[in-house]
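Taking it in order: structure first as structure tokens, then the write-up.
In what follows, every heavy atom counts, from backbone to side chain, and hydrogens, waters and symmetry copies are set aside. Below, chain A is the first sequence line, B the second, and so on; all start at residue 1.
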Protein chains: 2
Amino acid sequence: MPGTAAYPLDSVDRTILTLLQADASLSTAEIAARAGASQSSVWRRIEKLEAAGIIQRRVAILDRKKLGLNMMVFAHVKLQAHGQRTLPAFEDAIRRFPEVVECHTLLGETDYLLRVITRDTESYETFFRKHLSQVASVQFTNSSMAISEVKSTTELPLSLLW
Amino acid sequence: MPGTAAYPLDSVDRTILTLLQADASLSTAEIAARAGASQSSVWRRIEKLEAAGIIQRRVAILDRKKLGLNMMVFAHVKLQAHGQRTLPAFEDAIRRFPEVVECHTLLGETDYLLRVITRDTESYETFFRKHLSQVASVQFTNSSMAISEVKSTTELPLSLLW
DNA sequence: TATGAAAAGGGGTTGCT
DNA sequence: AGCAACCCCTTTTCATA
């Protein structure tokens, strides 16, 4: 049932999720101390949260600019006619482009919002001219380069829930 | 020096980064096997990559919808006059809103792009009316609800670099 | 079905070469 | 960088509620 947790989350679960989405390298012992439960209990709860898919995965977040990926662009894309195969064809192409790290379907004026990461402006233009704009059914795009990050986190606002 | 790695990355480092940004729960032994290096060497390289800030942090990615955060909105925001204190004031407010998980400065028509996550449409409207639109100097906003995710990853396209 | 205590096993961490 | 020892944390077992 989407929109509802598969099982109720108590305060120990909430502490686990809050801590792990901030720092996935915490030991179960450290989490247990802060959550007020035993180490083995916390370990089992984490397993359940992973099995339920509430914890999707653990990842390392890398520094884009330190690696030389200096260009980030948000591109709105609108497609032409919405035939039966237009959307799947576009979406398959998108999934194959490594430059596109996110693609969201939007309600509103444009059909898609893409987050595109490349090395620099030149490589973005190459991507745009040779790949993105070549995908059939793209009507128009509106690309905006991201200049600075005021805020950026992968942490969900769990405080809104509890 | 932004845009350049603090030190050159060889193929072992590249393998480490590629694997860890996909799955941060991999053991150093597993990474070592795939990278063709010893376990302790891989461990020390990871420490160096963390010290250099190339690996920023390790986090757990949670399932937004399973937790009941069903609403995600991308909001373009344009400010009024750009006085000396207009931007910092807006940015400070943004950083305090838990609903705003990302805020990027954009080159182009609008000033900012926000990614906002809330429980549902009602809670988004409350956030928008009582918080976002109340921030002084907001001239206009353009909010688009995200309907579905075609692609979404925190993995940087390292293949573009090497 | 979930818990805490404790044993067993594997991997992170360190010193040495 | 690699090897090996050590220590800590993950994982399992067991007893209890």
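Ring-centre distance between A:F74 and B:F74: not below the 6.0 Å cut-off. Proximity of the aromatic rings of B:H104 and B:H76 is defined here by a centroid distance below 6.0 angstrom, and this criterion is not met.
With sequence neighbours excluded, the residues forming a side-chain contact (heavy atoms from CB on, under 4.5 Å) with B:R34 are B:L19, B:L26, listed by chain and number. Under the side-chain contact (heavy atoms from CB on, under 4.5 Å) criterion, B:T28 pairs with B:Q39, B:V42, B:W43, B:I46, not counting sequence neighbours. Qualifying side-chain contact (heavy atoms from CB on, under 4.5 Å) partners for B:S11, counting only residues two or more places apart in sequence or in other chains: none. For B:T153, the side-chain contact (heavy atoms from CB on, under 4.5 Å) test picks out A:V101, B:E155, with sequence neighbours left out.
In this model, the phosphate group of C:dA2 is not approached by any side-chain N or O of A:S41 to a distance below 4.0 Å at OP1 or OP2. In this structure, A:T28 reaches the D:dT10 phosphate: one of its side-chain N or O atoms is under 4.0 Å from OP1 or OP2.
Pairs of residues two or more places apart, or lying in two chains, that qualify as side-chain hydrogen bond (donor to acceptor under 3.5 Å, both in side chains) and include a residue from residues 15-27 of chain A are A:D23-A:S25, A:S27-A:E30. Contacts classified as ring pair (Phe, Tyr, Trp, His ring centres under 6.0 Å) and involving residues 131-155 of chain A (residues at least two apart or in different chains) are given here: A:F97-A:H131. Residues in residues 8-19 of chain A take part in these salt bridge (Lys or Arg N to Asp or Glu O under 4.0 Å) pairs, two or more places apart or across chains: A:D10-A:R45, A:D13-A:R45. Counting only residues at least two apart or in different chains, salt bridge (Lys or Arg N to Asp or Glu O under 4.0 Å) contacts with residues 126-147 of chain B comprise B:E125-B:R129.
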Measure all distances between protein nitrogen or oxygen atoms and nitrogen or oxygen atoms of nucleotides 4-6 of chain D, and list the pairs falling under 3.5 Å.
none

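Contacts between residues 43-50 of chain A and DNA chain C, defined by a heavy-atom separation below 4.0 Å, involve A:R44, A:R45, A:K48, listed by number. Within residues 30-38 of chain B, no residue places a heavy atom under 4.0 Å from DNA chain C.
When atom types are taken as modelled, the side chain of B:K78 and the backbone of B:V138 share no donor-acceptor pair closer than 3.5 angstrom.
At a cut-off of 3.5 Å, with distance as the only test, no side-chain donor of A:Y124 or A:E99 sits close to an acceptor on the other residue.
For A:R115 and B:E102, the salt-bridge test passes: some basic side-chain N is under 4.0 Å from an acidic carboxylate O.
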| Reading DNA chain C 5' to 3', how would its secondary structure be written in dot-bracket notation, given Watson-Crick and G-U pairs with both distances under 3.5 Å, brackets [ ] for crossing pairs and | for partners on other strands? | |||||||.|||||||||
